[in-house]
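Input: a single structure, listed below in structure tokens.
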2 protein chains.
Amino acid sequence: MPKNCNFIEKLREVGLRPTKQRIKMCEVLYNREKTFHFTINDLVKIISEKMNEKISLATVYNTVHAFEKKGYLKEISIDSHKSYFDTNTSAHHHFFDEDTHELIDCDESDIDKINIRKKITGKKINSVEVLVRVASDNQTQK
Amino acid sequence: MPKNCNFIEKLREVGLRPTKQRIKMCEVLYNREKTFHFTINDLVKIISEKMNEKISLATVYNTVHAFEKKGYLKEISIDSHKSYFDTNTSAHHHFFDEDTHELIDCDESDIDKINIRKKITGKKINSVEVLVRVASDNQTQK
DNA sequence: TCAATAGTTTAGAATTATTATAATGTAGAT
DNA sequence: ATCTACATTATAATAATTCTAAACTATTGA
Ligand SMILES: [Mn+2]
Ligand SMILES: [Mn+2]
Ligand SMILES: [Zn+2]
Ligand SMILES: [Zn+2]
């Protein structure tokens, strides 16, 4: 989704009513330079604290899932105890910082194309994604 | 963990008391030919239905986490709505069947070694795992 | 313009997964 | 056999998510 633009049109295009709440969420999610990785709680905090806008938690859940269904967001499974979402909806690889619990996108060029030799009969491959878990490299530690 | 063997010794070795419940769980988890992927609910069902053994849900949670901490089990994040565990505790790749929600191990030989060109300063790589999502390949479908 | 309508937001209740509590039970040591 | 630390259990508590039903709003078209 392009930045600094008419989210009303974008929402209409996919058949979502451009309500105040949805437009606000678009601003938070897509008015930025880089891919944004977040949890529902992150998003609620940003809207209520940084943007000083009252929004119901249920609406954030509803809207995030509406966006997901329409292809505006992608859910990422990294940590079974937390649900992450990603404004980059293409299949791509991630670094996951186990210290900060932060997700970082991996460029195409950072990892060679992955060749899968095994076939599962009757099944087609939908996506191939790599997760690289990293953590601080203090030799002094432990 | 070897199969058909003395789980009592194994448990003692890592400092877990070999209780009735833990031995039962070892039998379910490790008396099998292949890697076992399961959810807490799968495990409770197997113990109570197939093995006809009463066990408290809290004990299954406690014991799974005790095993995880001792390196007998590994948690796998695939689907943020469900927690999967794996009796194969080494870093390895998976196929995930989106139709059946089944996890399948990938052999070393099935995927070439993955070369990560990007470095994150001050961070070391803990693991590199690939998830291949597959689904039924019916041309007739949709 | 302005109701009619369908879709949306909301507060709060309900549900589900997981963890905590505290009483009871048991393994391992003496 | 007794003791003690640890484990199991039923149940309560918590946390994340979804449901419900009433109030609200964007859109349509008279
Ligand atoms: Mn979801
Ligand atoms: Mn866990
Ligand atoms: Zn991403
Ligand atoms: Zn596995």
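Computed from heavy atoms alone, side chains included, the values below leave out hydrogens, waters and symmetry copies.
Using a 4.5 Å cut-off on side-chain heavy atoms (C-beta onward), Arg22(B) and Leu16(B) make contact. Counting only heavy atoms from C-beta outward, the side chains of Arg12(B) and Pro18(B) approach each other to under 4.5 Å.
Remark on the helix from dT1(C)-dA30(D) to dT30(C)-dA1(D): inter-end axis angle 20°, axes from five-pair C1' superpositions, rounded to 10°.
With sequence neighbours left out, His93(A) forms a ring pair (Phe, Tyr, Trp, His ring centres under 6.0 Å) with no residue at all. Remark: Glu102(B) pairs with Asp97(B), Thr100(B) by the side chain to side chain contact (heavy atoms under 4.5 Å, CB included) rule, at least two apart or across chains. Under the ring pair (Phe, Tyr, Trp, His ring centres under 6.0 Å) criterion, Phe95(A) pairs with no residue, sequence neighbours left out.
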Pairs of donor and acceptor atoms involving the side chains of residues 57-64 of chain B, under 3.5 Å and at least two apart or interchain, shall be tabulated with distances.
| unit_1 | atom_1 | unit_2 | atom_2 | d |
| --- | --- | --- | --- | --- |
| Asn62(B) | ND2 | Ala58(B) | O | 3.3 |
| Thr63(B) | OG1 | Thr59(B) | O | 2.7 |

Can you tabulate the close N/O pairs, meaning under 3.5 Å, that link protein atoms to atoms of nucleotides 3-5 of chain D?
| unit_1 | atom_1 | unit_2 | atom_2 | d |
| --- | --- | --- | --- | --- |
| dA5(D) | N3 | Arg17(B) | NH1 | 3.4 |

Identify the pairs formed between an N or O of the protein and an N or O of nucleotides 2-4 of chain C at a distance under 3.5 Å, and give each distance.
none

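Between Asn88(A) and Ser90(A), the side chains place a donor N or O and an acceptor N or O closer than 3.5 Å (distance only, hydrogens not considered).
At whole-Å resolution of the value, NE2 in His81(B) and C1' in dT18(D) are 11 Å apart. In this structure, Lys20(B) places its NZ atom 8 Å from P of dT26(C), rounding to the nearest Å. Regarding Lys82(B), its NZ atom lies at a distance of 12 Å from the C1' atom of dA17(C), rounded to whole Å. The nearest whole Å value for the distance from the CD1 atom in Ile8(A) to the P atom in dT8(C) is 15 Å. Atom-to-atom, NZ of Lys45(B) to C1' of dA17(C) comes out at 15 Å; the value is rounded to the nearest Å. Rounded to whole angstrom, the span from the CG atom of Asn41(A) across to the P atom of dA15(D) amounts to 11 Å. With rounding to whole Å, Asn62(B) atom CG is found 9 Å from dT19(C) atom C1'. What separates CG of Leu11(A) from P of dG7(C) is a distance of 16 Å, to the nearest Å.
Residue pairs that meet the ring-ring contact (aromatic ring centres under 6.0 Å, His included) test with at least one member in residues 99-134 of chain B, sequence neighbours left out, are Phe96(B)-His101(B). Pairs passing the side-chain hydrogen bond (donor to acceptor under 3.5 Å, both in side chains) check and including a residue from residues 44-57 of chain A, sequence neighbours excluded, do not occur. Pairs passing the ring-ring contact (aromatic ring centres under 6.0 Å, His included) check and including a residue from residues 105-137 of chain B, sequence neighbours excluded, do not occur. Residue pairs meeting the ring-ring contact (aromatic ring centres under 6.0 Å, His included) criterion with at least one member in residues 107-132 of chain A, sequence neighbours excluded, do not occur.
The hydrophobic cluster containing Phe7(B) also contains Phe38(B), counting ILVMFWY residues as joined when their side-chain heavy atoms lie under 4.5 angstrom apart, directly or transitively.
Taken residue by residue, residues 47-61 of chain B places heavy atoms nearer than 4.0 Å to DNA chain D at Lys54(B), Ile55(B), Ser56(B), Ala58(B), Thr59(B).
Between Lys34(B) and Asp105(B), none of the side-chain N atoms (NZ, or NE/NH1/NH2) sits under 4.0 Å from a carboxylate O, so this pair counts as no salt bridge.
Of the candidates dA27(C), dA26(D), dT9(C), the closest approach to any side-chain atom of Thr19(B) belongs to dA27(C). In this structure, the nucleotide among dT9(D), dA17(C), dT10(C) sitting nearest to the side chain of Gln21(A) is dT10(C).
Between dA27(C) and Arg12(B), no contact under 4.0 Å exists linking OP1 or OP2 to a side-chain N or O.
Between His37(A) and His92(A), the ring-plane angle classifies as tilted under the 30° and 60° cut-offs.
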